[in-house]
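Residue numbers count from 1 along this sequence.
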Amino acid sequence: MKLLTKILCIFVLVAAVSLYASGQKTKSALSEKVQAMLDMNAKRSILRFNGQKFKDYVKTAPRNYSVIVMFTALQPARQCQICRHAHDEYQIVANSYRYSMAYSNKLFFVMVDFDEGSDVFQALRLNTAPVFMHFPAKGKPKGSDTMDIQRVGISAEVIAKWVQERTDLQIRVFRPPNYSGTIALLLLVSFAGGFLYLRRNNLEFLQNKQMWALLAVLFCFAMISGQMWNHIRGPPFIHKSQNGGVAYIHSSSQGQLVFETYIVFILNGLIVVGMILLTECGAEMDKRKGKIMAIVGLGMVCIFFSLLLSIFRSKAGGYPYSFLFK
């Protein structure tokens, strides 16, 4: 009986020592992994991983940190037109986090390019790019850990908000200063001032009603097409559609794309040209020319107004009316 008790005690002691050693080994491995991530993060805000590094630092335990991964295809041969824009916005978020007070070893930003980690794409069954995924410190990613870029877009502010929802870390986005607008304004003011100075003895053009009418109409076009919304919200130029192509018009009435505003601007301009032809055809002395102007103007108004209505109908799903085009 005493022998059995001694054997049992020895067994328990050996098991305890083994568990302790295993725990120390796990802590040592985790510490080395975190330190390696911090060392890489000190050199760049976005860690660029291939398949092996992704397996070692993201998929393999132990891990006590969360990882945000952008799966992309930046090589020109892949013809991913929005990947570069998505990478730029992702870079802004990573830089904002890297140099903020919230920075810690609990969150890292990673990028996996298809040409460097195609095995990762195959393992995760990804057939599109870009894709943003969150890999939590514990457990496997859920459905909500994949960012729905079709619905919310890929701007830095949207990415930062999604990261906060997944990790509870608030990232204040700091965009690099862009002086192009200021420089353009200064050049425009200088040009206008120089022109007025050179024409100081002949300023009758300032009384030209057609010039002021054209400027007023262009200003209205810029406002109703959404240029001010673009300036405030900073939407992407284009984004990827649900079928894997490129979308030039946002599918929701709550958002828009930069290219979409250009389309609306041009359509409104063509409608106005058609209205001008309709109103001026009656004053034309040549009846044949006036008839042609009326037909062309009517055709332009009907066609381009129908296209504009079709765009609105595609964004407002429940809108029942259409004209010429659906």
[X] atom [atom1], over 12 foreign heavy atoms within 6.0 Å:
X      : atom1 : value
Met223 : CE    : yes
Phe305 : CZ    : no
Met40  : CE    : yes

is_close_aromatic(Phe265, Phe221), centroid dist under 6.0 Å:
yes

Can you tell me which residue among Ile159, Val93, Asp148 is in a side-chain contact (heavy atoms from CB on, under 4.5 Å) with Phe132?
Ile159

Any donor-acceptor N/O pair, [X] side chain to [Y] backbone, under 3.5 Å:
X      : Y      : value
Lys33  : Asp56  : yes
Tyr57  : Val34  : no
Ser118 : Asp115 : no
Asn41  : Arg44  : yes
Arg63  : Val58  : yes

Kindly compute the distance separating [atom1] ([X]) from [atom2] ([Y]), expressed to the nearest 0.5 Å.
X      : Y      : atom1 : atom2 : answer
His87  : Asp113 : NE2   : CG    : 9.0 Å
Cys220 : Asn268 : SG    : CG    : 10.0 Å
Phe108 : Ser45  : CZ    : OG    : 12.5 Å
Leu277 : Met293 : CG    : CE    : 5.0 Å
Lys53  : Met37  : NZ    : CE    : 10.5 Å
Leu307 : Ile271 : CG    : CD1   : 8.5 Å

Hydrophobic cluster identity match, [X] and [Y], side-chain contacts under 4.5 Å:
X      : Y      : value
Leu308 : Ile276 : no
Ile295 : Met275 : no
Ile171 : Leu38  : yes
Val296 : Ile266 : yes

Name each donor-acceptor pair under 3.5 Å that joins a side chain in residues 67-74 to protein atoms two or more places apart or in another chain, with its distance.
none

For the residue pair [X] and [Y], establish whether any side-chain heavy-atom pair is separated by less than 4.5 Å.
X      : Y      : answer
Tyr65  : Phe135 : no
His134 : Val163 : no
Met147 : Val131 : no
Lys287 : Lys291 : no
Leu169 : Gln164 : no
Leu218 : Leu214 : yes

If only side-chain N and O atoms count, and only distance matters, is there a donor-acceptor pair under 3.5 Å linking Gln35 with Asp39?
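Asp39 vs Gln35: donor-acceptor pair found between side chains.
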
Using distance alone, with no hydrogens and no angle criterion, decide if Thr261 and Gln227 have a side-chain donor and acceptor under 3.5 Å apart.
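Note: Thr261 and Gln227 side chains meet the donor-acceptor criterion.
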
To check you understand the geometry: which heavy-atom pair defines the closest contact between [X] and [Y], and what is its length?
X      : Y      : answer
Leu267 : Phe304 : CD2-CD2, 3.7 Å
Val110 : Phe49  : CG1-CD1, 3.5 Å
Met133 : Pro141 : CE-CB, 4.3 Å
Ala94  : Ile46  : CB-CG1, 3.5 Å
Gly297 : Leu278 : C-CG, 3.9 Å
Pro136 : Gly139 : CG-O, 3.9 Å

Can you list everything that forms a ring-ring contact (aromatic ring centres under 6.0 Å, His included) with Tyr103? Sequence neighbours excluded, please.
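ring-ring contact (aromatic ring centres under 6.0 Å, His included) list for Tyr103, sorted by chain: Tyr97.
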
Using the side-chain contact (heavy atoms from CB on, under 4.5 Å) rule, take Val258 and Tyr262 through it: C-alpha gap first, then chi angles, then the decisive distance, then the call.
CA-CA 7 Å; Val258 175; Tyr262 297 160; 3.6 Å; yes

Should Asp119 and Lys55 count as an ion pair when the cut-off is N to O under 4.0 Å?
no

Using a strict cut-off of less than 4.0 Å between a Lys/Arg side-chain nitrogen and an Asp/Glu carboxylate oxygen, indicate whether Glu157 and Arg175 qualify as a salt bridge.
yes

Checking Cys80 now: which residues fulfil disulfide bond (SG atoms under 2.5 Å apart) with it, not counting sequence neighbours?
Cys83

